[in-house]
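Working notes, structure below.
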Amino acid sequence: MTQLNFGLIGAGRIGQVHAESLTYRLPEAKLLAVSDVYEAAAQACAAKFHIPHAHADHRAILDNPDIDAVAICSSTPTHAPFMIEAAQAGKHIFCEKPIALDLGKIDEALAAVEQAGVKLQIGFNRRFDANFRQLHETVRSGKIGTPHVVQITSRDPAPPPVEYIKASGGIFLDMAIHDFDMARYLTGSEVTKVYSAGAVLVDPAIGQEGDIDTAITTLWFDNGALGVIDNSRKAVYGYDQRAEIFGSKGSATSLNDTPSTVAISGSDGILSEKPLHFFLERYAESFAEELRCFIEAINNGTAVPGAKEALNSVLIARAAQQSLETNRPVIIGEG
Ligand SMILES: NC(=O)c1ccc[n+]([C@@H]2O[C@H](COP(=O)([O-])OP(=O)(O)OC[C@H]3O[C@@H](n4cnc5c(N)ncnc54)[C@H](O)[C@@H]3O)[C@@H](O)[C@H]2O)c1
């Protein structure tokens with residue numbers, strides 16, 4: 001088997017998840033180098049995952065002729081410029097979501113990828129989760145008939161620090177963006193219009209930053225289906241990730257994953273496990289699977305979430321934000 005050589009840019013939370021997959025879970029990959037603007041973070045990551053080279057400057061990765069592909073896992077504002085540089089260096093690109101919060105920057109980055117003819121995959125890992133993939137396949141197989149309603153519940157166990165909220169782009173671009181992509185994935189249809197309501201019910205500090213922590217978004221799809229997504233930054237019982245798609249012949253539902261299926265029955269009732277704590281636990285397998293599919297896409301040209309998914313999810317998130325601010329339904333791409 002020919003191994004594909006990777007460079008990792010950004011050694012934070014998600015960077016380390018991908019470092020783990022590339023090092024231990026994917027024999028078809030070899031992680032040759034890691035960079036982080038904080039060199040100590042790059043060095044610590046290199047030591048932890050036995051990566052041969054650690055750099056402070058990502059250019060060292062892009063200039064390395066042995067590296068075939070990069071995983072861009074640094075902070076969001078770096079994604080678009082790094083994508084452009086990586087494309088110009090002829091590297092295939094796996095980039096965490098979102099490419100940018102600004103549409104002009106997304107267009108520039110996507111144009112550079114197109115021009116270079118390199119493969120691009122965006123980190124919509126939930127498409128590679130076994131539950132959601134099965135839901136998607138069920139809809140595609142026609143078993144539930146024509147989709148009428150999709151319902152997505154997506155609640156975090158606890159809000160991130162306010163420092164994170166400040167730079168996040170807001171709940172729709174930071175958190176619900178995964179759910180907007182999931183809505184498109186499950187229905188196989190584009191979202192045409194959204195209407196969002198929001199509130200600050202978890203942490204007033206989030207409100208002071210101009211963001212919300214609780215949201216309901218109604219969606220209209222171009223195949224006629226409707227959808228609703230409910231988001232919260234805090235569910236006291238853990239990471240709540242469920243979906244139902246209802247159609248003319250029935251419905252399909254995916255429930256939360258739990259650490260075990262043990263239920264303890266007693267005189268007061270029946271107690272079972274809380275959902276897996278957060279995304280690192282719940283989506284661990286999907287993070288490895290998305291990179292496996294990226295490698296397959298490079299080798300065999302198979303389809304992966306790329307430019308269209310990157311752009312359309314941001315367009316929906318921006319429309320949701322606009323809807324919240326103007327208190328009216330907003331057509332996608334309207335403003
Ligand atoms: N797919 C998912 O489920 C998922 C989950 C978490 C985060 N993310 C995305 O991944 C990205 C990183 O998030 P995180 O939670 O790992 O953040 P993080 O803050 O833990 O890590 C970001 C890392 O990037 C480094 N960095 C910043 N500027 C850099 C530069 N110029 N060059 C190299 N490194 C640089 C930082 O030093 C830090 O180590 C964000 O865009 C986020 O939206 C996606």
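It should be emphasised that the depicted structure is a prediction, and the values quoted were computed from it without experimental measurement. Read the numbers this way: they start at 1 and go in the same order the structure lists the ligands and their atoms.
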Ion pair check, [X] and [Y], cut-off under 4.0 Å:
X	Y	answer
Lys105	Glu108	no
Asp66	Lys30	no
Arg13	Glu96	no

Nearest-0.5 Å distance, [atom1] of residue [X] to [atom2] of residue [Y]:
X	Y	atom1	atom2	result
Thr78	Met83	OG1	CE	11.0 Å
Arg155	Tyr239	CZ	OH	13.0 Å
Ile229	Ile152	CD1	CD1	4.5 Å

N or O pair under 3.5 Å between Ser35 and ligand 1
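No, Ser35 has no N/O under 3.5 Å of an N/O on ligand 1.
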So, 4.0 Å and heavy atoms of [X]: is ligand 1 close enough to count as a contact?
X	value
Ala41	no
Tyr164	no
Phe287	yes

Inspect the surroundings of CD in Gln115 and state if more than 12 heavy atoms from other residues, nucleotides or ligands are less than 6.0 Å away.
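For Gln115, atom CD is not crowded (no more than 12 foreign heavy atoms under 6.0 Å).
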Considering heavy atoms of the protein only, find what lies nearest to [atom] and give residue, atom and distance to 0.1 Å.
atom	value
atom 19 (O) of ligand 1	Ser75 OG, 4.9 Å
atom 16 (O) of ligand 1	Ile14 N, 2.9 Å
atom 33 (C) of ligand 1	Val37 N, 3.3 Å
atom 21 (O) of ligand 1	Gly12 CA, 3.2 Å
atom 12 (C) of ligand 1	Cys73 O, 3.4 Å
atom 41 (O) of ligand 1	Thr76 OG1, 2.7 Å
atom 37 (O) of ligand 1	Asp36 OD1, 2.6 Å
atom 24 (O) of ligand 1	Ser74 CA, 3.3 Å

Can you check which of Glu290, Gln16, His79, Lys97 brings a heavy atom nearest to atom 42 (C) of ligand 1?
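That would be Lys97.
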My understanding is that we take every heavy atom of each candidate and find the minimum distance to atom 1 (N) of ligand 1. Doing that for Glu163, Arg59, Glu96, Arg282, which one comes out nearest?
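That would be Glu96.
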How would you list all residue pairs meeting ring-ring contact (aromatic ring centres under 6.0 Å, His included) that involve residues 56-86, not counting sequence neighbours?
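Every ring-ring contact (aromatic ring centres under 6.0 Å, His included) pair that includes a residue of residues 56-86, provided the two are not neighbours, is His58-Phe82.
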Give a yes or no on whether the backbone of Asn223 and the side-chain of Ser189 come within a donor-acceptor separation of less than 3.5 Å.
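Checked: pair present.
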Provide the number and element of each atom of ligand 1 under 4.0 Å from a heavy atom of [X].
X	result
Asn125	1 (N), 2 (C), 3 (O)
His178	1 (N), 2 (C), 3 (O)
Thr78	28 (N), 31 (N)
Tyr38	37 (O)
Gly123	1 (N)

Does the ring centre of Phe6 sit less than 6.0 Å away from the ring centre of His18?
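No.
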Using the salt bridge (charged side-chain N to carboxylate O under 4.0 Å, His left out) definition, which of the options Glu285, Glu289, Glu290 pairs with Arg25?
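Output: one option passes, namely Glu285.
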Using the test salt bridge (Lys or Arg N to Asp or Glu O under 4.0 Å), find all partners of Lys166 that sit at least two apart in sequence or belong to another chain.
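Salt bridge (Lys or Arg N to Asp or Glu O under 4.0 Å) list for Lys166, sorted by chain: Glu163.
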Part of Tyr283 within contact of ligand 1 (heavy atoms, under 4.0 Å):
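Answer for Tyr283: neither.
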Any idea which part of Phe124 is under 4.0 Å from ligand 1, heavy-atom wise: side chain, backbone, both or neither?
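No part of Phe124 is near ligand 1 at this cut-off.
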Do the side chains of Leu311 and Leu103 get nearer than 4.5 Å, heavy atoms only?
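Yes, at least one pair of side-chain atoms sits under 4.5 Å.
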